[in-house]
Amino acid sequence: MLRVLLLIFFVGCSHRVRIVTPSLNDSRNDHESFASKTMVTTQGRGTTEAALETFKNGGNIIDAFVAASFAISVERPHSTGIGGGGFLLYFSKKENKVYAFDFREVAPIAAVKNMYLTKKGETQPLLSQEGALAVANPGLVRGLFDIHKRFGKLSWAETILPAIRLARHGFPLYKQLQVALLDRKDLLLLDPEAKKTFYLLDGSIPSLGSLIIQENLAKTLEIIAEKGADGFYEGKVASAIIKTISKKRGLLSHRDLKTYKMVERIPVTGIYKGLKIYSMPPPSSGGIHVIQILKMLGPHNLKEKGPQTAESIHLMANAMQRAFLDRANYLGDPDFNKIPTSSLVHEEYLSKLSNSINTPKALKDGSLKKIELPYESTDTTHFTIGDEEGNLVASTQTINGWFGSGVIAEGTGIILNNEMDDFAQKVGAQNLFGAVGGEFNLIEPRKRPLSSMSPTIITKDDSPFMALGSPSGTRIITCVAQTILNSVEFGMPLYESVAATRIHHQWQPDVLKVESPYLDPVVEKELQDRGHKIIHEKLGCSVQAIKKTKNGWEGVSDPRGEGFAKGID
Ligand code: GLY
């Protein structure tokens, strides 16, 4: 793969600025598309094609959403799947309304606060990351079924067909899946079905381009196509899930599966530069913090300072730090704790925060109360769709870590999530990744773990303007915010807004992460002089964004990944 450093000279501000952009793919064609009617950007070619096929067969945007959800469950088995959960933001143009649906996994009924602690109260991070005890009650199928029943046009079975085909006939092994197979090899080889599906007979990893066929998953999808959500939460498939979990000493029960409920929530909103931002409310932290970051930066006229200058990045990092401090203090499942959502995005509060980030030096431990954050994995997936009527869909879905818990429900091809790891094992304890959990995110039966997933929809004068989202744990928040800043504040074209080098700060650990190919060395030096500890690190985001154009839509699938943007004229 050709790795070139693109230097884009951007003249949209008062002085000429060099924007550093990593370009990780040879072909821009797959990653950028313009079309007059519909637009789909996802992290998989087969998934984008599944959504487009659904439109061509007369389906509406919700049918395309269901088709893409099932297809990506097959095509990115390391990131998401029917053994996981997610969120959907849906803008219905004719109602001028944004719906938010929460089909995130919930803790099993038998879960208890200290289930991962030793008798001495020490944490055991591996228990919430690998094996049956890490599995939370999956919500994806229930969510898709209920949403489709309410808004879909095609038959339920028709929307699942492309995914069944993808599972049965296979897709060529791609680099990111190969990397995940290597990373989780020790765990997956313990499971005979995982071994048979994803590895060669001797346990080695197939070469790039080899067909990945998931016949058991195809059969499970056929049952779900025939029986609806009951095909997953009851009957043969449910029995296989519970039998496997019980054998491996997990907690999930038939009662859990039968009683799972999707929740419709009210999106969190904010006005930024004349645009209305809608994003995911708690149990995601994402929406609140995307809005906080944008609104803290709003009054500072970043455009004048220029993109990727030390001054802009310093303010962006300070805003990110300040938002993440609130995350640790206030966020969790709103069905279990009073989360002050409206206060956190209140104009007066954000105006105070905006003033507090305008410091000559980086914010430090002494200047704000320090609370560390719960760990979240780097994986997950996101897709974005727009249609001819001006409706929008932004959905982020996950099984959490690569291949979730590593447990496959016997004979079903369903890889079960490890979403229990998004909870805090105990307050104040460091987990595997050096982060410390907050009180509102402790484990309770049927509670949803805190998320960072930030599906976001932006409207202008009640019409679609942009929709986007990304995978990658806590980085989702800052990647989504930066894409919006690049486009709205700095006026960059959508492709450059997505492709430009990103930074990330999450308060704790106190480091400013800069992804390759890094910023201008002069800028980095100035940031260091202001007290930022810079480290160079991959951020893992893969932003999938679409924007309204004069003639229809522009779609961009992050050039860092192996996604596919395509529309219909
Ligand atoms: N499991 C990743 C997230 O929910 O943010």
Side-chain angles (χ1 to χ4, degrees), residues 30-31 33 35 37-82 84 86 88 90 140-141 143-145 147-148 151-174 176-177 211-215 217-222 224-226 380-388 391-399 413-414 455 467 469 471 542 544 546 553 555 557 561-569:
D30 284 356
H31 296 269
S33 177
K37 289 186 179 153
T38 58
M39 181 55 65
V40 182
T41 65
T42 81
Q43 286 188 273
R45 179 174 289 273
T47 301
T48 296
E49 281 166 356
L52 293 174
E53 178 187 323
T54 306
F55 277 123
K56 284 178 188 156
N57 290 342
N60 65 18
I61 196 164
I62 291 298
D63 297 317
F65 153 73
V66 176
S69 301
F70 279 113
I72 200 75
S73 290
V74 174
E75 203 175 12
R76 285 189 73 86
H78 55 307
S79 302
T80 187
I82 59 175
L88 164 70
Y90 163 44
L140 191 85
V141 177
L144 299 185
F145 187 75
I147 293 165
H148 179 265
F151 301 104
K153 187 171 149 204
L154 294 183
S155 73
W156 166 250
E158 239 175 307
T159 63
I160 309 180
L161 270 179
I164 296 173
R165 256 191 348 249
L166 205 53
R168 179 153 292 136
H169 302 306
F171 58 84
L173 178 61
Y174 52 91
Q176 285 178 2
L177 177 52
L211 273 190
I212 298 296
I213 291 172
Q214 300 169 78
E215 179 54 31
L217 185 57
K219 286 187 189 138
T220 300
L221 290 171
E222 279 170 342
I224 294 168
E226 190 196 327
T380 296
T381 193
H382 179 89
F383 62 83
T384 308
I385 308 176
D387 74 5
E388 206 176 350
N391 302 308
L392 289 164
V393 147
S395 184
T396 317
Q397 304 178 1
T398 189
I399 50 171
I414 301 171
S542 181
Q544 309 296 315
I546 65 176
W553 300 103
S557 177
E562 287 152 320
F564 189 41
K566 196 162 169 55
I568 300 174
D569 279 315

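No hydrogens, no waters, no symmetry mates; every other heavy atom, side chains included, goes into these values. Because the structure is predicted, anything quoted here is derived from the model rather than measured.
Between Asn60 and Asp387 there is no side-chain heavy-atom pair separated by less than 4.5 Å. Side-chain contact between Ile546 and Leu392: present, with at least one pair of heavy atoms (C-beta onward) separated by less than 4.5 Å.
Once rounded to the nearest 0.5 Å, the distance linking CD1 of Ile147 with OG of Ser395 reads 7.5 Å. Atom CD1 in Ile224 sits 4.0 Å away from atom CD1 in Ile82 (nearest 0.5 Å). Rounding to the nearest 0.5 angstrom, the gap separating the CH2 atom in Trp553 from the CD atom in Glu388 is 11.0 Å. Once rounded to the nearest 0.5 Å, the distance linking CD1 of Ile213 with CZ of Arg168 reads 10.5 Å. Atoms CD and CE, from Gln544 and Met39 in turn, are 12.0 Å apart once rounded to the nearest 0.5 Å. For the atom pair CG of Asn391 and OG1 of Thr38, the computed distance is 12.0 Å after rounding to the nearest 0.5 Å.
Looking only at distances, no side-chain donor or acceptor of Gln214 sits under 3.5 Å from a matching main-chain atom of Ile212. When atom types are taken as modelled, the side chain of Thr47 and the backbone of Thr42 share no donor-acceptor pair closer than 3.5 angstrom. In this structure, Asn57 contributes its side chain and Thr54 its backbone to no donor-acceptor pair below 3.5 Å. The backbone N or O of Leu154 sits less than 3.5 Å from a side-chain atom of His148, completing a donor-acceptor pair. Between the side chain of Gln43 and the backbone N or O of Arg76, no donor-acceptor pair lies under 3.5 Å.
With sequence neighbours excluded, the residues satisfying ring-ring contact (aromatic ring centres under 6.0 Å, His included) with Tyr90 are Tyr99, Phe151. Considering only residues two or more places apart in sequence or on other chains, Ala50 meets the side chain to side chain contact (heavy atoms under 4.5 Å, CB included) condition with Ala71, Pro162.
Closest approach of Leu140 and Ser73 over heavy atoms only: CD2-OG, 3.7 Å. Of all the heavy atoms in His78 and Tyr174, the pair that sits closest is CE1-OH, 3.3 Å. Nearest heavy-atom pair, Ser542 versus Gly561, reported as atom, atom and distance to 0.1 Å: OG-CA, 4.4 Å. Scanning both residues, Pro77 and Phe171, for their nearest heavy atoms gives CD-CZ, 4.4 Å. Of all non-hydrogen atoms in His169 and Leu211, the two that sit nearest each other are O-CD1, 3.5 Å. Ile160 and Ala225 get closest at one heavy-atom pair: CD1-CA, 3.6 Å.
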side-chain contact (heavy atoms from CB on, under 4.5 Å) evaluation trace for Thr380 with Thr396: CA-CA 7 Å; Thr380 296; Thr396 317; 3.5 Å; yes

Verdict with reasoning, Ile568 to Leu52, per side-chain contact (heavy atoms from CB on, under 4.5 Å): CA-CA 7 Å; Ile568 300 174; Leu52 293 174; 3.6 Å; yes

Residues Asp63, Val66; criterion side-chain contact (heavy atoms from CB on, under 4.5 Å); working and verdict: CA-CA 5 Å; Asp63 297 317; Val66 176; 5.9 Å; no

Audit row: Ser557, Thr41, side chain to side chain donor-acceptor pair (under 3.5 Å) steps and yes/no: CA-CA 6 Å; Ser557 177; Thr41 65; 6.0 Å; no

Glu75/Glu49 under side-chain contact (heavy atoms from CB on, under 4.5 Å): CA gap, chis, key distance, verdict: CA-CA 12 Å; Glu75 203 175 12; Glu49 281 166 356; over 6 Å; no

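Using a 4.0 Å cut-off between a side-chain N of Lys or Arg and a carboxylate O of Asp or Glu, Arg165 and Glu53 qualify as a salt bridge.
Using cut-offs of 30° and 60° for the angle between ring planes, the Trp156 and Phe70 rings count as perpendicular.
If you check the side chains of Thr384 and His382, you find a donor sitting under 3.5 Å from an acceptor. With hydrogens and angles left out, the side-chain atoms of Ser69 and Gln397 include a donor and acceptor closer than 3.5 Å.
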